[in-house]
Amino acid sequence: MAQVKITLVRSLSGRKPRQIQVCQALGLKKVNDYTIQTDSAATRGQIAKVVHLVEVEEVEGA
């Protein structure tokens with residue numbers, strides 16, 4: 001199954017509580033933290049909620 005690397009590039013301070021919860025659910029706590037998740041509709045929905053805070057890349061060969 002395809003995977004994506006999600007990197008937090010903007011700070012969570014001053015963000016809405018729901019956006020902070022979504023980032024924590026993705027496993028992101030600090031700036032430059034990253035996580036590798038399976039590329040599913042649920043993950044893409046979470047990314048859409050915080051697209052202005054994260055950077056997403058496709059992971060090949062994983």
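What's counted below: heavy atoms across the whole structure, side chains too, no hydrogens, waters or symmetry copies. Bear in mind that the values here come from a model prediction, so they are computed numbers and not experimental data. Numbers for residues simply follow the sequence, beginning at 1.
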> Evaluate the side-chain proximity of Q37 to I6: yes if any heavy-atom separation is below 4.5 Å, no if none is.
yes
> Please say yes or no: joined through hydrophobic side-chain contacts below 4.5 Å, possibly via intermediate residues, are V4 and V50 part of one cluster?
yes
> Measuring from atom NZ of K30 to atom CG of L12, what distance do you get when rounded to the nearest 0.5 angstrom?
12.0 Å
> Check whether any side-chain heavy atom of L8 sits under 4.5 Å from a side-chain heavy atom of N32, and report yes or no.
no
> Test your reading of the model: is there a side-chain donor-acceptor pair from T38 to the backbone of S40, 3.5 Å cut-off?
no
> Which pairs pass salt bridge (charged side-chain N to carboxylate O under 4.0 Å, His left out) with one or both residues in residues 32-44, sequence neighbours excluded?
D39-R44, R44-E58
> For E55 versus V9, what's the shortest heavy-atom pair and its separation?
CB-CG1, 3.9 Å
> From Q21 CD over to K49 NZ, what is the distance, rounded to the nearest 0.5 angstrom?
12.0 Å
> In the structure I gave you, are the side-chain heavy atoms of L28 and V54 within less than 4.5 Å of one another anywhere?
yes
> Identify the heavy atoms of L53 and C23 that sit nearest to each other, and give their distance.
CD1-SG, 4.3 Å
> What residue pairs, at least two apart or across chains, pass salt bridge (charged side-chain N to carboxylate O under 4.0 Å, His left out) with a residue in residues 12-29?
none
